Protein chains: 2
Amino acid sequence: MQSRTPASRTGRPRSAAADTAILAATREALVELGWSKLTLGDVATRAGVAKTTLYRRWAGKPELVCDAVAELFDELELPDRGSLAADIEGVVLQFAAILARPEAKSGLMAVVAESTRDDALRERIRTSIVERQMRLVLQGRARAQSRGELPPEPDPEESARTVDLIFDVVAGAVVHRTLVSGKPADEEWVRDFTRVLLLGLTSSA
Amino acid sequence: MQSRTPASRTGRPRSAAADTAILAATREALVELGWSKLTLGDVATRAGVAKTTLYRRWAGKPELVCDAVAELFDELELPDRGSLAADIEGVVLQFAAILARPEAKSGLMAVVAESTRDDALRERIRTSIVERQMRLVLQGRARAQSRGELPPEPDPEESARTVDLIFDVVAGAVVHRTLVSGKPADEEWVRDFTRVLLLGLTSSA
DNA sequence: GGCATTACGCTACGAGTCGTAGCGAAAGCT
DNA sequence: AGCTTTCGCTACGACTCGTAGCGTAATGCC
């Protein structure tokens, strides 16, 4: 996870199997115990490693859970469904399915909460979780522009602003629906959401 | 906070001053320490009460912080600015201003994270925080419909669905912008957001 | 093969927090 | 007065934290 790319090529290498076992054990503990009752000692036991090994690789609970949750978003992709609306509905449903899993629910929000007082953690979240989602927005937008469904954006600065805005609206709505309102972001909801996102409130039938 | 309305009218009454002092001390501790380092013992010391008094009134840290954060949203209101767009911009800016405060940042997300495994806490959040925000959406929607800016919704079930959707989009976007992306929801962003919400992505200039 | 270097498992430890119990005193009501 | 409930205080066992120290295992370099 933490790139030790060129440095330190001597000595016993770190067990890659331990990494995957620890991250899997972390998700398992998140499901069974939730964020607040999850302890690093328990995770170490589940993973079959010593507690000290855990502390050698991760600074603390937030960093560990961040990495464990980040892997959940690996499966996100943007299949070409032919139209911008269909593309949005597809990726939002994928995103909602991940957020519905208990390990994502209890882990993600807690890590974000911690990141409000920890800049390094915020950056870690950005690179390992947010950026992966942001790529889909960029991809979908480019595809829609090539289809002519969205107007091209000549100004790069305004373009970046728009992408940021869309991302916050889409991700924020799904997260809020799932975690705050506590209701499922099912197909019906996603259909309504996509219509509002594309056409706005004023054009609602 | 917890309505002891009809029961137990005998004996020494609970100090109302202690309640306000405890909640204020909780917010102060949230600012200085953040959620994870906040301890109930420290809050009790700041408030000038005994730790046992705290435990007699609140079940634990999540419930206490929930009540302390909820009071931050008391100041939310919906002044009539003449148009739906202006109303939205106004209330979103208020909401963003509250979320920008450190006690809201570190407290709100952590409590929501805890609520994913605690139904009673989720209900407490709903009644003390979410419902207060939801009222503004209902109010703004009714006002816009009476102005003719939004079409009337005859079906009550679909109407409720739409209100839920709007609420998740608005609140989710502001929260995500402020806490995940870590950028301010300033006037420029709110203007862009309102335009997308009302007109949709496809009509962007 | 031998050597330096790093990772690993294990144990133990001080520090800190948790939530509760028990007590005497204070502040209301009837 | 007497009754009832709350308050402040102290003390407590249980738990988690994060680290230190040690001997052992696994690699690269000579």
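If you're wondering where the values come from, they're calculated on a predicted model, not measured in any experiment. The chains referred to below are lettered A, B, ... by the order of the sequence lines, with proteins before strands, and numbering in each begins at 1.
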I'd like to know if T39(A) reaches the base of dC15(D) with its side chain, counting only an N/O donor and acceptor under 3.5 Å. no
Base, sugar-phosphate alone, or nothing: which one does S15(A) contact when heavy atoms must sit under 4.0 Å apart? sugar-phosphate
Rounded to whole angstroms, how far apart are NZ on K61(B) and C1' on dT17(C)? 10 Å
Here the distance between atom C1' of dT19(D) and atom CG of L40(A), to the nearest Å, is 13 Å
Short side-chain to backbone donor-acceptor contact, T194(B) and V190(B), under 3.5 Å: yes
Please give, in whole Å, the distance from dC17(D) P to K37(B) NZ? 15 Å
Where the side chain of T52(B) is concerned, which of dT19(D), dC18(C), dG22(C) is the nearest nucleotide? dG22(C)
Separation of dT6(D) C1' from R14(B) CZ (nearest whole Å): 8 Å
If you look at every heavy atom in P62(A) and L121(A), which pair is closest and at what distance? CB-CD2, 3.6 Å
Round to the nearest Å and state the distance from Y55(B) atom OH to dG22(C) atom C1'. 17 Å
The answer to which of G41(B) and V49(A) contacts DNA chain C further toward the 5' end, by nearest nucleotide, is V49(A)
Is there a donor-acceptor pair under 3.5 Å between the side chain of K37(B) and the backbone N or O of E32(B)? no
Spacing of I22(A) atom CD1 relative to dG9(C) atom C1', expressed in whole Å: 12 Å
Spacing of W58(B) atom CH2 relative to dC18(C) atom P, expressed in whole Å: 16 Å
Quick one, give me the B/S/- string for nucleotides 23-30 of chain C, reading 5' to 3', where B means a protein heavy atom under 4.0 Å from the base and S means that only happens at the primed atoms, P, OP1 or OP2. ---BBBS-
Hits for side chain to side chain donor-acceptor pair (under 3.5 Å) against R135(A), two or more places apart or cross-chain, chain-then-number order -> none
Ion pair E89(A)/R191(A), N-O distance below 4.0 Å: no
Residue pairs meeting side chain to side chain donor-acceptor pair (under 3.5 Å), one or both in residues 112-122 of chain B, sequence neighbours left out, come to S36(A)-E114(B)
Is V169(B) close to L197(B) at the side-chain level, that is, under 4.5 Å between some pair of heavy atoms? yes
Distance criterion of 3.5 Å, no angle test: do you see the side chain of K51(A) paired donor-to-acceptor with the base of dG18(D)? yes
